[in-house]
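All values below were derived from every heavy atom in this structure, side-chain atoms included, with hydrogens, water molecules and symmetry-related copies excluded. Lettering of chains follows the sequences in order, A, B, ..., and the numbering in each one begins at 1.
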There are 2 protein chains.
Amino acid sequence: MVASRAPDTDVRVATLSAAMRLFAAHGFEGTALQDIADAVGVTKPAILHHFPSKEHMRQAVLDVILSHWNEALPRLLLAATAGDDRFDAVFGETCRFFATDPDRARMLMREALDRPAEVRKLLRGSVRPWFAAVAGYIRSGKEKGLHYATVDEEAYVVHILLLVLAAAAAAPLASAALDGDARPRFERELARIAHASLFPPSSDAERTVRKRKSQR
Amino acid sequence: MVASRAPDTDVRVATLSAAMRLFAAHGFEGTALQDIADAVGVTKPAILHHFPSKEHMRQAVLDVILSHWNEALPRLLLAATAGDDRFDAVFGETCRFFATDPDRARMLMREALDRPAEVRKLLRGSVRPWFAAVAGYIRSGKEKGLHYATVDEEAYVVHILLLVLAAAAAAPLASAALDGDARPRFERELARIAHASLFPPSSDAERTVRKRKSQR
DNA sequence: AGGTGTCCTTACCGCATGGTAAGCACGCTC
DNA sequence: GAGCGTGCTTACCATGCGGTAAGGACACCT
């Protein structure tokens with residue numbers, strides 16, 4: 001019987017892992033099934049035993065990435081209390097997620113370039129509600145005077161996500177534009193840009209100072 | 001004899017144009033020479049007559065994109081007078097360049113993903129001085145109190161360029177996350193983010209963003 | 001012991017790919 | 001008009017691709 005539930009054998013998970021790495025590095029078209037099989041240490045038909053086709057493998061890899069967010073996002077949004085807390089929570093989790101494995105960012109980036117129509121559908125269907133939710137929190141923060149009145153919430157959220165994605169995907173490149181270990185500088189500046197373009201400096205300075213120093 | 005100067009025949013330029021479009025849309029590996037030949041309306045060996053190999057075509061397409069900047073950047077930097085003028089000039093030209101033909105952004109994005117080592121060399125070699133120059137202008141503006149003191153100029157420049165690139169490359173996608181024609185909203189918000197994360201609101205009161213307290 | 005299903009192998013297939021060989025038509029120079 | 005280089009054609013080639021066929025090793029159930 002063909003498994004409706006994932007069999008979760010070693011080869012299957014190793015294949016998913018290798019496929020993510022190789023798709024991210026060389027692209028879907030640039031990766032041969034033989035490459036994946038070699039990376040796993042089995043033969044080509046072995047991995048085709050677990051996935052009906054290369055196309056199914058792509059989808060499985062994407063599902064691994066996307067399923068993380070279907071689980072993490074509700075938790076994050078419910079856990080954080082106030083508007084700006086929610087922003088920090090989601091922003092931080094997003095950065096951490098892609099910093100943990102930049103291949104995730106590269107894979108998504110490639111997917112957006114390779115199959116815009118499918119990604120469009122995905123965005124319209126399941127991702128958009130999350131954009132709307134985060135944008136809603138920003139809007140409510142805006143009404144409380146926390147943010148710039150000129151912020152376009154939806155566009156802001158999309159841009160910041162794009163920036164986090166692109167920065168994670170291009171991390172090894174970006175550090176070539178600076179000296180030494182530029183990673184922490186980039187991370188800090190990314191957070192600063194996201195923050196400074198949302199929170200005006202006066203209220204922001206009070207808030208962070210109050211938050212950071214009062215606790216110590 | 002193989003031409004050292006570009007012959008500039010119709011087929012050659014048409015091939016470059018088609019190759020840029022197809023490489024941007026389907027990637028280098030995902031584009032067959034036959035596809036390019038079909039798009040141009042000639043046979044496969046015809047385009048191999050103008051470019052020794054597919055690899056040479058990739059480089060030629062990249063050269064078309066990069067040569068624009070070797071010409072435009074000095075002009076822009078010399079034309080603009082003050083620090084923030086220079087910023088607006090370079091930022092505006094960058095946005096316009098990629099908005100004119102988003103395939104340029106997609107091509108560069110793919111190149112960064114496909115061949116990080118080569119792009120790294122390119123960055124270290126010829127692009128980096130321009131980053132440094134723009135960063136220098138920001139630093140001088142910072143000393144005049146125009147910008148946030150916490151800005152990391154080099155990291156800021158890289159991130160903003162990344163954002164412009166990613167936004168141009170993903171433009172058709174991003175508009176799927178919003179309603180209606182979202183393009184102008186995205187462009188405006190992108191400019192706002194770049195601006196607001198560099199200029200504190202008080203110092204640019206007469207420029208754009210002063211509506212926050214006075215309007216509401 | 002025999003049956004059965006899972007996981008993986010070797011061997012193979014049809015096809016598309018990047019690239020080459022050889023030659024043809026045209027325009028130029030002498 | 002002979003010679004020749006340029007720009008292109010048709011015909012072809014070796015390779016590597018995604019995917020299939022068929023069967024073996026092994027575990028587990030009856």
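- Summarising the geometry, the separation between NZ on K44(A) and P on dT9(C) is reported as 13 Å, rounded to the nearest angstrom.
- Using a 4.0 Å cut-off between a side-chain N of Lys or Arg and a carboxylate O of Asp or Glu, R110(A) and D114(B) qualify as a salt bridge.
- An OP1 or OP2 oxygen of dC7(C) is reached within less than 4.0 angstrom by a side-chain nitrogen or oxygen of H49(A).
- For the contact set between residues 18-36 of chain B and DNA chain C, defined by any heavy atom under 4.0 Å, the members are T31(B), A32(B), L33(B).
- The shortest distance between side-chain heavy atoms of F97(A) and R104(A) falls below 4.5 Å.
- The shortest distance between side-chain heavy atoms of K44(B) and D38(B) does not fall below 4.5 Å.
- Under the 4.5 Å side-chain criterion, counting only non-hydrogen atoms from C-beta, H159(A) is not in contact with R192(B).
- Counting heavy atoms from C-beta on, the side chains of V61(A) and R58(A) never come closer than 4.5 Å.
- Among dG19(D), dA21(C), dC8(D), the nucleotide with an atom closest to any side-chain atom of A46(B) is dC8(D).
- Residue H50(A) places no side-chain N or O under 4.0 Å from the OP1 or OP2 atom of dT6(C).
- Using a 4.5 Å heavy-atom cutoff, the side chains of R139(A) and E143(A) are in contact.
- Comparing atom distances between the L48(B) side chain and each of dT9(C), dT20(C), dC8(D) picks out dT20(C) as nearest.
- DNA chain C lies under 4.0 Å from no heavy atom of any residue of residues 55-62 of chain A.
- Residue T43(B) has a polar side-chain atom (N or O) positioned under 4.0 Å from OP1 or OP2 of dT9(D).
- As a whole-Å value, the separation of D38(B) CG from dC8(D) P is 16 Å.
- Rounded to the nearest 0.5 angstrom, L123(A) CG and L173(B) CG are separated by 6.0 Å.
- Side-chain contact between F51(B) and R12(B) is present, with heavy atoms from C-beta onward closer than 4.5 Å.
- Rounded to whole Å, the distance from NZ on K54(A) to C1' on dG19(D) is 12 Å.
- In this structure a side-chain-to-backbone donor-acceptor pair under 3.5 Å is present from T31(B) to L22(B).
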